[in-house]
Amino acid sequence: MLNIRFNLDDPTVYTTPRGFHVFTLWVNAWWGRLSAFADENDPASSFVTARPLHTVVNCEAAFGQARDWIDGCKYHEKCPEPKKAVLPTRVIEVSPERSPISPRLLESKGMTGSYAALSYCWGKDQPGVTTLKSLPSRLTQLDLRELSQTVRDAIRCARKLKMKYLWVDAVCIIQDSPDDRVRELASMRKVYENARVTIVAANSDSAIKGFLQDRPRAPSNYRVPFPCPNKQMGIVYLTHDGLKLSWHADEPIHTRAWTL
C-alpha cells in the first residue's frame, strides 16, 4: 500500500503548506522524506504547492517566487504581522525618487519603514567600505563601481524584492570610526530582528565574489502520476532526501556562526 501524507499529525490533510516541498512517504510500515514539486498549470499544483527549484537565481522567475514567499508570510499564524520599524542609523536607499538608478546612503534620523538586511561572509579586505572621508559623498550618491560584488548583488535583490532600504554593515557603519563601530555593532541584533527580510549570501565565502551565480542543478527528478483528491490526474516530480534540499550545509555561510 502506498500512502502519501502531507501532515503526520493529521492524515486528512491533502495539501502541502504553500510552497513547501518536503513530505512523508509511507510504504506499509516504513516511511521516509521526499521532495515534491508540480508545474504551475498541472492539476496537481493545487495540492502540491511547491514549484521546481530555480537554479538560475538572477532571473525574474526566481525573484517573483521570493516576493510570493514574503507576501505569503501575512497568512502564516506564527509569522508576526509586518510592521514598519525604526530604521537603523544609516541605510542604503536603493532607488531614490530623484534618481532611481543611483543608490545613496541615508541617515535615517528616527525614520520608520521596511528594510532588508544582508548576511554574508566578508572574506579578506572588502572594497568599498564607508569611511569618514567617503561618508559625505555617499549621502548624495553611492558609486556602485566602488562596492563589492556581494553588496551590488544585494542592492539588486532589494530592488527586485521591492524593498526601499537595505542595511549592509560595510556600507552603513563607518569602518574607520571606533565610536561609530562600537555604537552600531551593539545594535546589530535589533537591526536583523527588525528587518522585513534578510538576504543571505549563502554560497559565497568572500564579498568580492557576489552570490547571484547559477546554482548547482537539483538531483534527478522522478516523474510520477498523481491522483488528485478532486479526481483529476496530475504529474508530480519527486526527489529523494528532501531535507537536504532545504539546507545546503556545505555552503560557506554555514561555516560562520555569526552569520546565521
Side-chain angles (χ1 to χ4, degrees), residues 16-22 35-42 44-46 48-75 82 92-96 100-103 114-121 123 128 142 144-145 147-168 171 195-223 234-239 242 244-254 259:
T16 63
R18 188 169 184 265
F20 194 67
H21 61 81
V22 178
S35 292
F37 308 91
D39 289 328
E40 185 69 37
N41 298 320
D42 191 277
S45 64
S46 296
V48 178
T49 57
R51 302 295 169 255
L53 294 176
H54 292 287
T55 57
V56 178
V57 296
N58 191 11
C59 68
E60 184 53 38
F63 287 122
Q65 186 175 60
R67 289 193 298 268
D68 286 344
W69 286 337
I70 294 171
D71 291 340
C73 282
K74 67 184 70 171
Y75 305 109
I92 300 170
E93 188 176 15
V94 297
S95 296
I101 63 172
S102 301
S114 296
Y115 65 95
L118 177 65
S119 179
Y120 66 114
C121 297
L142 270 174
L144 291 174
R145 296 170 298 181
L147 304 178
S148 69
Q149 187 61 52
T150 288
V151 176
R152 295 201 296 267
D153 285 353
I155 290 173
R156 174 171 172 77
C157 286
R159 287 170 171 169
K160 287 293 186 178
L161 297 179
K162 301 188 183 304
M163 292 288 159
K164 187 173 182 180
Y165 305 112
L166 170 68
W167 184 87
V168 181
V171 178
R196 180 72 177 89
V197 63
T198 298
I199 299 168
V200 182
N203 65 327
S204 181
D205 62 1
S206 172
I208 65 174
K209 295 182 179 179
F211 60 91
L212 289 180
Q213 304 91 342
D214 293 353
R215 308 304 292 275
R217 285 186 173 274
S220 299
N221 292 325
Y222 300 95
R223 191 171 181 268
I235 296 294
V236 171
Y237 299 92
L238 302 180
T239 58
K244 287 188 177 179
L245 290 177
S246 303
W247 181 58
H248 297 273
D250 57 341
E251 292 183 316
I253 200 77
H254 297 290
T259 60

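Only a predicted model underlies this, so the values are computations on that prediction, with no experimental measurement involved.
Between Phe63 and Arg159 there is no side-chain heavy-atom pair separated by less than 4.5 Å. Looking only at side-chain heavy atoms (C-beta outward), Asp39 and Tyr237 come within less than 4.5 Å of each other.
Rounding to the nearest 0.5 Å places OG of Ser45 at 14.5 Å from CZ of Phe37. Note that CD of Gln65 and CD1 of Ile70 are 11.5 Å apart. Values are rounded to the nearest 0.5 Å.
Under the 4.0 Å criterion applied to side-chain N and carboxylate O atoms, Asp205 and Lys209 are assigned as salt-bridge partners.
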Audit row: Cys157, Leu212, side chain to side chain contact (heavy atoms under 4.5 Å, CB included) steps and yes/no: CA-CA 9 Å; Cys157 286; Leu212 289 180; 3.9 Å; yes
Pair Thr55-Asp214, side chain to side chain contact (heavy atoms under 4.5 Å, CB included): steps then yes or no: CA-CA 6 Å; Thr55 57; Asp214 293 353; 5.8 Å; no
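Taking all atoms of both residues into account, the shortest heavy-atom contact from Ala50 to Ala36 is CB-O, 3.7 Å. Residue Ser148 comes nearest to Ala207 through the heavy atom pair CB-O, 3.4 Å, listed as atom of the first residue, atom of the second, then distance. The shortest heavy-atom contact between Ala44 and Asp42 is N-OD1, 2.8 Å. A pairwise comparison of heavy atoms in Cys121 and Ser204 identifies CB-O, 3.8 Å as the closest pair.
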Just list the side-chain donor-acceptor pairs under 3.5 Å for residues 160-168, sequence neighbours left out, or say none.
unit_1: Lys160; atom_1: NZ; unit_2: Glu60; atom_2: OE1; d: 3.3

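Contacts of Leu144 classified as side chain to side chain contact (heavy atoms under 4.5 Å, CB included), with partners at least two apart in sequence or in another chain: Pro103, Leu147, Arg152, Ile155.
The residue from Asn58, Ile199, Val200, Val57 that alone fulfils the side chain to side chain contact (heavy atoms under 4.5 Å, CB included) condition with Phe211 is Ile199.
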